[in-house]
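First the structure, in the form of structure tokens, and then the observations on it.
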There are 2 protein chains.
Amino acid sequence: MPTRCKDCPLHCKPLFQPQTDAETTFMQQFKRGELQVQAGTTLLLEGAASPQLYTVLKGLGLRYKTLEEGQRQVLNFAFPGDLLGLQSALMGEMSHSAVASTDMVLCVFDRGGLWDLFREQPGRGYDLTYLAAQEEHFLGDALATIGQRDALERMSWAILKLWRRAEALEMTEGDSVALPWRQQDLADALGLSLVHTNKTLARLKREGVITWQEGRLRMVNRARLAELAMAEDGEIITRPLF
Amino acid sequence: MPTRCKDCPLHCKPLFQPQTDAETTFMQQFKRGELQVQAGTTLLLEGAASPQLYTVLKGLGLRYKTLEEGQRQVLNFAFPGDLLGLQSALMGEMSHSAVASTDMVLCVFDRGGLWDLFREQPGRGYDLTYLAAQEEHFLGDALATIGQRDALERMSWAILKLWRRAEALEMTEGDSVALPWRQQDLADALGLSLVHTNKTLARLKREGVITWQEGRLRMVNRARLAELAMAEDGEIITRPLF
DNA sequence: CGTCTTATTGACATATTTCAACAAAGGTGG
DNA sequence: CCACCTTTGTTGAAATATGTCAATAAGACG
């Protein structure tokens, strides 16, 4: 039996803004069901018109674009609470693909109901715009990092982003967190070769900043990581949960 | 005297979707006035809470982020019809800056009215989300290009994007268009050094693909450029004009 | 026991950056 | 009108970060 929106396990996480009862009720009737998928499943395909809009309920994934010559650019990593498929819902087709990196559970919404949502729940429409703008913000940061910084700085930035995200979702256990991604995923996210990614990661370990073994990232010297990442490491900015 | 929305010179351009009379009327009363600025003027500043939302009416600009060590990443180039300041309106502060590259005229909207807009004109709210999602789409493409491709391909991609944009706004004259940006702007957009940008541009000229002198870009071999850019060069995708 | 995936490491190749110098154009003040 | 300065573009040579190639190791799995 699917999770009811009022029992959603994500609301209580520090990452999300509170929701009114009216909103939760509306989301409940807007929700079509739940989708359970295995690790490795393609959730969305670039160019395809996905009929559905998803919110990640459990598990981790990633979004990527594939270029003509087979290269892959990872755009970002998908965590619980992330919305997938908004572009398709709005523009008719996806500009990127998405894949499950672990087993996942997704809330399914019908894209056809989007128009009603804007009409009947302007606050929810506003929130959708907010989420799109926040994604734009993130991609701008990523672009600046990849366009302007060297491998060690890029890697530190990405790891700090992952860590802070996991922390805001209470997925961390002490100074470590389980993450399913391979070095190849990191390499494709950072615009680096696999070999250079490995060597850069090795350097971060050697210098006592982090460790990352058997799918578990461990924060050894967070201050140093933040310094290398040149990113703020202060309060989490909350966002609406859709 | 400011341009009235129903006389807006942009509606007739092929880039934009038609607007209903009701929408135009609403935008007219939502519009606060017009801002005229000289080339070089900073329109928005990263981190600042701009009280206003702008639409470019005339002229060209660019959006950028500045990193700690003074490096600059150009996120994109602003053309007529582009919305500036949405992030600040939604999230309280800008994640990037914007500057006028030529003299510009901007329509000014009050960010405080945004909430009313979502309530009273759900279609306009939907359009705002669409625009934010489209910007996200663009940044994803840019990230993939900069992360995965070499200098010649990046440059070709950027030039084709600029050309197609100008074309959709009927700014081109035959096979050429006037563009105000310097090689340094291109370099900062593509994540390349100024020197390498210059040499890459020289190569495109030498091979008879384009010329770019005295602020005027000329398309010499568009098919070849599109091939290098590995980007679609078909129909323009229209978007709402805000 | 093979086969696959992932991680690791060294040697070498190369794209891009950095440094440095110069040229052309425009503005400004004497 | 001329000297001077700033901005922008151009070019060559040297330095370096990153990519590519190749080989090995370790674990998972049938």
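By convention in this document, chain letters (A, B, ...) are assigned in the order of the sequence lines, proteins followed by strands, and residues within each chain are numbered from 1.
- Screening B:Asp188, B:Asp185, B:Val99 for a side-chain contact (heavy atoms from CB on, under 4.5 Å) with B:Tyr64, the sole residue that qualifies is B:Val99.
- Here A:Gly215 lies out of heavy-atom contact (under 4.0 Å) with every strand.
- Rounded to an integer number of Å, the gap from B:Trp212 CH2 to D:dT10 P is 12 Å.
- Atom CZ of A:Arg216 has more than 12 heavy atoms from other residues, nucleotides or ligands within 6.0 Å.
- The aromatic rings of B:Trp181 and B:Phe77 are tilted relative to each other, their planes meeting at an angle between 30° and 60°.
- Atom CZ in B:Arg206 sits roughly 12 Å away from atom P in D:dT10 (whole-Å rounding).
- Nearest-nucleotide positions on DNA chain D place B:Leu194 closer to the 5' end than the other of B:Leu194 and A:Gly191.
- Note that the CD1 atom of A:Ile236 and the CZ atom of A:Arg165 stand 10.5 Å from one another [nearest 0.5 Å].
- Proximity note for B:Lys205 (side chain, C-beta onward) versus D:dT10, D:dA17, D:dG19: the nearest is D:dT10.
- Considering only the side chain of B:Arg182, D:dG9 comes nearest among C:dT9, D:dA17, D:dG9.
- Ranking C:dG10, D:dG19, D:dT18 by closeness to the A:Val195 side chain, first place goes to C:dG10.
- Between the side chain of B:Lys199 and the base of D:dG12, at least one donor-acceptor pair of N or O atoms lies under 3.5 Å.
- Nucleotide C:dT18 holds its P atom 11 Å from the CD atom of B:Glu69, rounded to whole Å.
- Across all strands shown, A:Leu192 has heavy atoms under 4.0 Å from sugar-phosphate atoms exclusively, and none from any base.
- Closest contact between the side chain of B:Gln183 and the listed nucleotides D:dT10, D:dT20, C:dT16 involves D:dT10.
- Under 4.0 angstrom from either OP1 or OP2 of C:dA7 there lies no side-chain N or O belonging to A:Gln213.
- The distance between atom CD of B:Gln148 and atom C1' of D:dG19, rounded to the nearest whole Å, is 12 Å.
- Closest approach to the B:Ala151 side chain among D:dT18, C:dT16, C:dT17 is made by C:dT16 (side chain taken as heavy atoms from C-beta onward).
- Between B:Asn198 and the phosphate of D:dT10, there is a side-chain N or O to OP1/OP2 separation shorter than 4.0 Å.
- If you measure from atom NE2 of B:His196 to atom P of D:dA17, you get 17 Å, rounded to the nearest angstrom.
- When rounded to the nearest whole Å, the span between CG of A:Leu179 and P of C:dT6 equals 16 Å.
- Regarding B:Leu201, its CG atom lies at a distance of 9 Å from the P atom of D:dG9, rounded to whole Å.
- The closest donor-acceptor contact from the side chain of B:Glu46 to the backbone of B:Met94 lies at 3.5 Å or more, if one exists at all.
- Atom CD in B:Gln184 sits roughly 18 Å away from atom P in D:dT6 (whole-Å rounding).
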